[in-house]
Structure formats: structure tokens, C-alpha cells
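Written below as C-alpha cells is the structure these notes are about.
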Amino acid sequence: MTSSYRITLLPGDGIGPEITAVARQLLDAVSRRHGFSLVYDEQPMGGAAIDATGEPLPASTLEACRAADAVLLAAIGSPQYDSLPRQQRPESGLLGLRAGLGLFANLRPVKIIPALVEASSLKREVIEGVDLLVVRELTGGVYFGTPKGRVEADGHVRAFNTMAYSDFEIDRIARVGFQLAGERSGRLCSVDKANVLDVSQLWRDRVEAIHAEFPAVELSHMYVDNAAMQLVRAPRQFDVLLTSNLFGDILSDEAAMLSGSIGMLPSASLGESGPGLFEPIHGSAPDIAGQDRANPMAMVLSAAMLLRIGLKQEAAAADLELAVERTLAAGFRTGDLMAEGCTQLGCRAMGEQLLAALEA
Ligand code: IPM
Ligand code: MG
């Protein structure tokens with residue numbers, strides 16, 4: 001009997017629908033090839049959902065995600081929604097989805113693809129061989145802390161958020177970090193600001209405590225400002241970086257640029273149980289939406305992570321990754337990565353090349 005999996009697709013906004021179409025074609029082809037089938041349930045999310053229902057994360061979308069074996073999200077957001085109250089903006093829908101599915105662990109791998117070494121703004125000798133993983137806590141910290149808000153008093157306006165972590169939230173993300181470090185080169189660097197913040201001191205204390213469960217992993221600690229510097233100075237020193245929600249948000253964008261384009265990087269968000277959420281780390285790129293110019297590769301690589309981690313279809317995942325590498329090695333590029341001597345393609349044509357590489 002062939003296995004069949006339910007994938008909830010969230011194309012979202014901007015370039016989302018274009019890159020979703022490419023990912024779906026590749027998923028169809030690779031699943032046929034490996035003898036399993038995928039059933040898609042496409043749901044509105046972000047700005048698209050605001051337009052359709054008035055809310056960025058309709059209850060029906062969250063339900064469909066809960067019912068899936070895995071969720072594939074493209075991108076959300078557009079400047080046109082920036083003036084809405086915070087709870088009604090696309091970004092709040094994404095935070096609601098993360099919280100609603102209990103996705104506390106966000107994995108953001110940054111691996112330099114040899115064909116793209118020249119695309120980075122950093123020197124070849126600095127970035128060659130970089131292969132790191134940001135493990136970012138995703139359902140706590142200052143993103144979700146209370147109290148928060150905006151008040152007026154004594155003729156002034158004051159706004160505030162709370163950066164807070166409980167021990168169990170740190171413990172569970174630390175375990176994910178140690179576990180993954182153990183499966184890689186065995187080094188975990190925990191990022192904090194323990195020289196200033198109480199919340200970071202607890203972070204450091206708990207990471208030290210959980211280290212006892214993983215004695216084979218080498219643990220180091222780094223202040224977040226230094227980590228930001230070391231990432232561009234000597235990124236090869238890092239294997240797994242363990243971060244809180246906000247620090248990981250910032251450092252993962254910085255780490256992404258090591259690879260030349262944020263258009264190349266996938267991510268996975270996982271909970272204790274239930275479906276994972278897989279999405280490119282880039283945004284919805286409203287400036288190029290609908291123009292067939294988007295780079296679909298991060299989305300295809302996110303689909304590969306979905307196959308590997310979400311569905312345990314390792315061989316199919318590896319095939320998608322190989323198709324991306326082959327297509328780049330053959331000199332095909334979208335505009336974001338275009339270089340001399342390469343062939344520039346739009347999103348759809350890139351999808352066709354990826355399909356051809358998959359079937360080669
Ligand atoms: C990310 C994004 C989101 C975040 C935004 C869109 C809410 O920047 O996934 O990194 O800040 O987590
Ligand atoms: Mg971000």
C-alpha cells in the first residue's frame with residue numbers, strides 16, 4: 001500500500017503563491033518517484049486571509065494545519081497591512097500559528113552551496129565551508145511576554161514588552177539544540193546577554209544544567225553582540241547556535257546573508273508532537289510579487305525539510321536538494337543571484353529547470 005500524507009499549504013502573500021506553485025510541482029514529481037502520495041489542502045493565511053475573512057489566521061486555517069501531517073508556508077506580509085492594529089496584521093497570524101501548533105523549536109540551517117560562494121558579500125576564504133544551524137526558541141521570550149503595551153502618562157507616551165523565559169521553556173529548546181549538535185559536529189554555542197539581562201542569566205544557568213544530559217557535546221556561551229560580530233568575522237567556528245526568540249530572529253537573518261541570498265534558506269518549526277511547519281526564511285517580497293522574478297529555491301528546500309523531518313522521506317528530500325544543487329551548478333540563476341556567465345530565469349522557468357534536474 002502506498003503511503004499518503006496530508007499537506008496543508010499556506011501560500012500567503014506577495015511572492016508566496018508563485019513559489020508555492022513551483023514547490024508543489026516538485027513535491028508531486030518527487031513523491032511519484034518515491035512511491036508515496038501527497039494530498040494538499042490549501043488555506044488562506046496572512047494578508048490573503050485578512051482580505052478574505054478579516055483575520056490573518058482564521059480558525060479554519062489553524063484547524064486544517066492541526067489536521068495535517070505537515071504544513072508548508074510560503075510567506076506572509078505586505079506594507080498595506082502595516083497600519084492595522086497589531087492583532088490584525090499578517091505577522092500576528094504567523095505568531096498565532098506558531099503558538100497554536102506549539103512550535104517552540106525553529107531550525108534554520110545555513111550551508112554554503114559551492115556554486116554560490118561568489119554571491120556572498122563576504123570573501124570566499126571567510127565563508128567557504130560554512131555549515132551551521134541556528135536553533136531558535138520560537139514561542140516565548142519578548143515576542144510573547146507580558147505585560148506589554150502602550151500607555152500615556154504625564155504628557156508622554158511609553159511602550160513596553162517583556163522578555164521572559166521559564167525554566168521549562170529553556171530546558172526543552174536546549175535539549176533540541178544539544179540533540180542536534182550531537183548529530184552534527186558535537187559543538188553547541190548558546191547565545192545570550194547574561195552580562196546585562198536576568199532572563200539571559202536564567203537561560204545560561206538552564207543550558208548549563210541540561211548540558212549534564214549531553215556530556216558528549218561541547219558547550220560554549222557567547223554574548224549576542226559578540227555572536228553578531230563573529231558570524232561575519234569567522235563563521236566557520238559555529239556548528240549549532242542556540243538562541244532565544246529575538247536573538248535568533250536577528251542572527252538568522254545575518255547568518256542567511258553568508259549564503260549570498262536570503263532566497264536560498266529553508267527552515268523548520270517543530271513542537272513536542274503534531275505537525276511541523278516548514279517555510280523559507282525570506283519574506284513575501286511585495287516589490288517583486290506577481291512579476292515571475294522570485295527565487296523559488298528556499299521554498300523547494302523547505303519542501304525538502306518537510307519531506308525529511310515531517311514525513312521521514314529522506315531519499316525524496318535528498319533528491320530535491322540535489323535538484324537545487326544541479327540547477328545552480330548548471331548556471332541557472334534567478335535575479336537575486338545573477339552573476340556573469342550564468343543564465344537568468346524567472347520563477348516559473350526556474351521551476352521547470354528544477355523539475356528537469358530532478359528527473360535527470
Ligand atoms: C521570521 C520573521 C518573523 C519573526 C516575522 C514575520 C513575525 O522575521 O520568521 O524570522 O520575527 O519571527
Ligand atoms: Mg526574521
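Both ligands and their constituent atoms are indexed starting at 1 by order of listing.
- Ligand 1 lies less than 4.0 angstrom from a heavy atom belonging to Arg136.
- Of the listed options Arg89, Arg98, His282, Arg98 places a heavy atom closest to atom 3 (C) of ligand 1.
- Any N or O atom pair closer than 3.5 Å counts here, and Glu91 shares no such pair with ligand 1.
- Scanning for salt bridge (Lys or Arg N to Asp or Glu O under 4.0 Å) contacts around Glu321 gives Arg308, with sequence neighbours left out.
- Side-chain N/O atoms of Thr243 and Arg136 include no donor and acceptor closer than 3.5 Å.
- Compare Asn245, Asp249, Asp253 by their heavy atoms: the one nearest to atom 2 (C) of ligand 1 is in Asp249.
- Contacts of His34 classified as ring pair (Phe, Tyr, Trp, His ring centres under 6.0 Å), with partners at least two apart in sequence or in another chain: none.
- Counting the atoms of ligand 1 from 1 in the order shown, those under 4.0 Å from a heavy atom of Arg108 are 1 (C), 9 (O), 10 (O).
- Taking all atoms of both residues into account, the shortest heavy-atom contact from Arg333 to Leu337 is CD-O, 3.5 Å.
- With ligand atoms numbered from 1 in the order given, ligand 1 contributes 4 (C), 11 (O), 12 (O) to contacts under 4.0 Å with heavy atoms of Tyr143.
- In this structure, Glu279 does not count as a contact residue of ligand 1, since none of its heavy atoms falls inside 4.0 Å of the ligand.
- Electrostatic pairing of Asp239 and Arg184 counts as a salt bridge here, judged by a charged N lying under 4.0 Å from a carboxylate O.
- Under 2.8 Å from the Mg ion (ligand 2), one finds the following protein N/O/S atoms: Asp249 OD1.
- Under the rule for a side chain to side chain contact (heavy atoms under 4.5 Å, CB included), the partners of Leu345 that lie at least two apart in sequence or sit in another chain are Phe332, Thr343, Ala349, Met350, Gln353.
- Taking a cutoff of 4.0 Å between a charged side-chain nitrogen and a carboxylate oxygen, Asp41 and Arg6 qualify as a salt bridge.
- The existence of a salt bridge linking Glu55 and Arg89 is excluded, since no basic side-chain nitrogen approaches an acidic carboxylate oxygen closer than 4.0 Å.
- Under the 4.0 Å criterion applied to side-chain N and carboxylate O atoms, Asp336 and Arg293 are not assigned as salt-bridge partners.
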